[in-house]
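Chain A is the first sequence line, chain B the second, and so forth, proteins listed ahead of strands; every chain is numbered from 1. Quantities reported herein were computed from a predicted structural model and do not represent experimental measurements.
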Protein chains: 2
Amino acid sequence: MRVLDHPRPEDIRLEAVLHALADPMRLEVVRFLAQAGGEVACSEIDLAVSKSTGTHHYRVLREAGIINQVYRGTAKLNSLRREDLDALFPGLLDSVIAAAARLGTRASSARHSG
Amino acid sequence: MRVLDHPRPEDIRLEAVLHALADPMRLEVVRFLAQAGGEVACSEIDLAVSKSTGTHHYRVLREAGIINQVYRGTAKLNSLRREDLDALFPGLLDSVIAAAARLGTRASSARHSG
DNA sequence: ATCGTACTACGATAAACGACGTACTACGGT
DNA sequence: ACCGTAGTACGTCGTTTATCGTAGTACGAT
């Protein structure tokens, strides 16, 4: 029940990874996790969508093999699967995160005024 | 009719690029172009889809800013926008192409019987 | 002018996607 | 036992996507 299914490294598909990353919300999550560097609860990342939509995006990321999710108490902790991804697609995650970080959120959706 | 519209570098969006790359057919085109290294006619890349579907995929790639398309005679020549992409998203294209090349087309399941 | 090749434009369709709300489960604290 | 917090499952809705076929345009060769 409280155990989440993750794809094994050999089942992670490039297209699924690219597809998962091709969404502003999910890119934001990945960017946040990369910056945080460790485990982050869903509730700590303030996405501009409803909770059920948030759950959907986390699921897509997990099923693509991009993030690891584990329950602790009532929280669900997320972290990047950096090692797996780096081994499978060297440089991919880094370049995407770097690009996303450089662009910030402005190209995606949310915009800070001022 | 003979001039095709391409996004300027500053209009190329990371998400659009990732989205365009997240398709087996288009990934195959990119892989082919990377390997060829220069201009390649649409007809030289044998995609397992109808011609009209092929046109659609080339268009997506062009509109995302991934490929350059130019007419010559009855042919339409395609080439990667490597410099633009490398400047915008350093390492991204290389890592995707390397990953796609390593996997080949089989793992990407660019085919189903029929 | 006619023909063949290469590619396009249009319209249709089925599937996938992103978004939501509501009702629900799981856990910790009181 | 009860409540609040954190997140899920399900059903729905509108949009986008991938696919096709058919009809058409552009160009080079004859």
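Nearest-nucleotide mapping onto DNA chain C: of B:Leu77 and A:Thr74, the residue sitting toward the 5' end is B:Leu77.
Inter-residue side-chain proximity for A:Arg13 and A:Pro7 is flagged as unmet; no heavy-atom pair is nearer than 4.5 Å. Taking 4.5 Å as the limit, every side-chain heavy atom of A:Val30 sits out of range of all side-chain heavy atoms of A:Val96.
Legend: residues meeting side chain to side chain donor-acceptor pair (under 3.5 Å) with B:Glu39, ordered by chain and number and at least two apart, are absent. With sequence neighbours excluded, no residue forms a salt bridge (charged side-chain N to carboxylate O under 4.0 Å, His left out) with A:Arg72. By the side chain to side chain donor-acceptor pair (under 3.5 Å) test, B:His56 is found to be paired with no residue, residues two or more places apart in sequence or in another chain being considered. For A:Thr53, the side chain to side chain donor-acceptor pair (under 3.5 Å) partners are A:Ser50, not counting sequence neighbours.
Distances shorter than 4.0 Å separate none of the side-chain N or O atoms of B:Arg59 from OP1 or OP2 on C:dC7. OP1 or OP2 of D:dC27 sits under 4.0 Å from a side-chain N or O of B:Arg2.
In this structure, B:Glu15 atom CD and C:dG18 atom C1' are separated by 14 Å, rounded to whole Å. The separation between B:Arg62 atom CZ and C:dA9 atom C1' is 13 Å, rounded to whole Å. Taking atom CG of residue B:Asn78 and atom C1' of nucleotide C:dC7, one finds them 11 Å apart after rounding to whole Å. The nearest whole Å value for the distance from the CD atom in A:Glu63 to the P atom in D:dA9 is 10 Å. Here the P atom of nucleotide C:dG28 and the OH atom of A:Tyr71 are 13 Å apart, to the nearest Å. What separates NZ of B:Lys51 from P of C:dA6 is a distance of 6 Å, to the nearest Å. The distance between atom CD of B:Gln69 and atom C1' of C:dC7, rounded to the nearest whole Å, is 10 Å.
Counting only distance, with no hydrogens or angles, the side chain of A:Asn78 and the backbone of A:Val40 share a donor-acceptor pair below 3.5 Å.
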Could you run down nucleotides 14-19 of chain D 5' to 3' and tag each one B, S or - for protein heavy-atom contact under 4.0 Å?
---SSB

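In terms of hydrophobic clustering, with Ile, Leu, Val, Met, Phe, Trp and Tyr side chains grouped at heavy-atom distances under 4.5 Å, B:Ile12 and B:Leu33 are assigned to a common cluster.
In the region residues 38-46 of chain B, proximity to DNA chain C at under 4.0 angstrom, judged on heavy atoms, holds for B:Ala41, B:Cys42, B:Ser43.
Between the CG atom in B:Leu4 and the CZ atom in B:Arg59 there is a gap of 9.0 Å [rounded to 0.5 Å].
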